[in-house]
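What follows is one structure encoded as structure tokens, with my remarks underneath.
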Amino acid sequence: MYQWDFGILWGYRWLFLNGLGVTVGFTIVIVLLGLVFGLVAALAMLSRFGWLRGIALTFVEAFRCTPILVQLIWFYYALPILAGVEMTPITASALALSLYGGSFYSEIIRGGIVSIDSGQSEAGAALGMTPRQTMRRIVLPQAIKRMIPALMNQSIIQFKNTSLVSVLAVPDLVYQSQVAAHDSYRPLETYTAVALAYAAILIPLTIIVRRGEKRLAVSE
Amino acid sequence: MSDQSKDICKIEIRGLRKSFGSNEVLKNINLGVAKGGVVALIGPSGSGKSTLLRCINLLVVPNGGSVRVGETRFAFGEGAKLPDVKTLARFRATTGMVFQHFNLFPHMTTLQNVMEGPVTVRRMPKADAEKLARAQLAKVGLLEKADQYPATLSGGQKQRVAIARALAMEPDVMLFDEATSALDPELVGEVLGVMQQLASEGMTMVIVTHEIAFAREVAGRVVFMRDGVVVEDGPARQVIDSPREAATRAFLSHFHRTGALPPATTAS
């Protein structure tokens with residue numbers, strides 16, 4: 001029978017905290033950047049111009065249909081050779097994860113926009129609004145409400161996806177725990193603690209979002 | 001009918017054609033509406049009357065012919081350039097439209113709904129827009145609902161807010177697309193009351209409606225359409241009481257044409 005000894009992890013607390021800080025910071029960056037990419041791609045997908053829709057679709061499918069782990073490695077190792085763009089592991093992984101997240105966000109955002117009754121845009125147009133004003137004032141505020149659960153879900157996945165940046169030696173929580181596991185010969189305790197740390201952050205977040213959704217539903 | 005000179009004809013439609021795919025919805029429509037005139041478009045569903053109405057503010061872009069409202073004229077068809085979005089928006093700002101399903105903005109209060117056009121389109125300062133919006137809400141008898149969301153209003157109240165929202169743009173022309181068709185019968189009267197009041201104030205109005213008694217009472221002219229053509233066009237009472245065309249007679253036989261209007265319950 002295996003003898004659990006979590007006490008040994010106390011000695012690595014600063015390492016874990018450091019890693020957690022990188023993971024959380026990274027998530028904030030890639031969620032925000034990903035939302036920007038996603039919004040731009042979604043609006044491009046709904047554009048009147050065929051070429052713009054083509055570019056957006058290519059972007060979305062390229063990132064949605066390839067594994068994120070391959071993208072991370074590709075951004076760091078292949079881009080310098082192919083395009084002469086040198087990036088630090090942090091930049092490369094932030095970019096790859098943001099674009100990857102953006103491709104999923106864009107489908108959520110596009111779906112939210114097209115779910116708004118066309119009568120809403122018609123009413124905006126009839127008042128004399130330009131399509132851009134109608135989108136900003138009428139459609140998006142309503143669509144965002146409907147997108148929130150799906151966006152939140154995707155952001156949770158993004159939070160967990162940051163664990164993959166350890167392959168590029170970005171010192172996130174998983175990377176630091178690898179260090180701790182090798183050093184302590186206690187991988188079971190280490191990874192159990194890491195899993196609990198992820199859950200401890202995500203579970204309160206999901207509760208907050210569920211409450212917020214209920215409040216938004218009331219004002220409708 | 002479209003021989004009236006330009007200065008008295010507020011809306012002028014010539015040779016208008018519209019197809020959706022191979023389905024020709026409007027076939028060479030000519031229609032003039034005098035300034036201050038109230039024209040009711042009637043006809044069976046699928047006759048093209050709603051499409052015609054939507055062509056007047058170019059929510060539907062015609063395939064041929066021309067549309068003029070006030071000083072602005074657009075021509076369509078081969079060789080004609082489609083107006084750009086800015087031009088279209090500016091044009092639509094001068095025509096108010098009321099929809100069958102109200103299309104109020106559910107994320108805004110009643111007051112914000114009515115302020116939206118003046119603030120976003122006319123760039124009016126918020127304080128002025130609010131004053132204007134409150135005046136319009138008072139006009140349709142709903143000032144006390146200013147801070148409520150549309151979801152809390154009855155159908156008739158929603159439609160009156162929609163009318164106030166259109167009026168807040170101070171349009172030259174009001175278009176009504178089956179404004180009472182989605183309402184419970186007991187709520188029709190309050191909306192018709194507001195429309196009747198507008199007509200009496202000299203607003204130029206084009207009304208797509210199934211309320212034949214209302215059309216007879218309030219409209220100056222009635223245009224009967226079927227299968228994308230104007231079948232009959234004349235003074236309201238004449239068309240409704242003694243239609244010339246067999247098709248008009250057949251259509252009107254389904255309705256009570258006279259009798260009292262539903263009671264208007266709106267505060268004036």
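Excluded from the calculations below are hydrogen atoms, water molecules and symmetry mates; all remaining heavy atoms, backbone and side chain alike, are included. A quick note: this is a predicted structure, and the numbers were derived from the prediction, not measured. Note on naming: letters A, B, ... go to the chains in the order of the sequence lines (proteins, then strands), and numbering restarts at 1 for each one.
Using a 4.5 Å cut-off between heavy atoms, B:Leu104 touches chain A through its backbone atoms (N, CA, C, O) alone. Of the two parts of B:Phe105, the backbone and the side chain both hold a non-hydrogen atom closer than 4.5 Å to a non-hydrogen atom of chain A. Heavy-atom distances place the side chain of A:Gln133, and not its backbone, under 4.5 Å from chain B.
The pair B:Glu116-B:Arg165 does not meet the salt-bridge criterion, since no charged nitrogen lies less than 4.0 angstrom from a carboxylate oxygen. A salt bridge is absent between B:Glu130 and B:Lys126; no separation between the charged side-chain nitrogens and carboxylate oxygens falls under 4.0 Å.
Formation of a donor-acceptor pair under 3.5 Å by the A:Arg110 side chain with backbone atoms of A:Gly112 is not found in this model.
Between chain A and the options B:Thr120, B:Val98, B:Thr95, B:Leu58, heavy-atom pairs under 4.5 Å are most frequent for B:Thr120.
A donor and an acceptor atom, one from each side chain of B:Thr94 and B:Asp172, are nowhere located under 3.5 Å apart.
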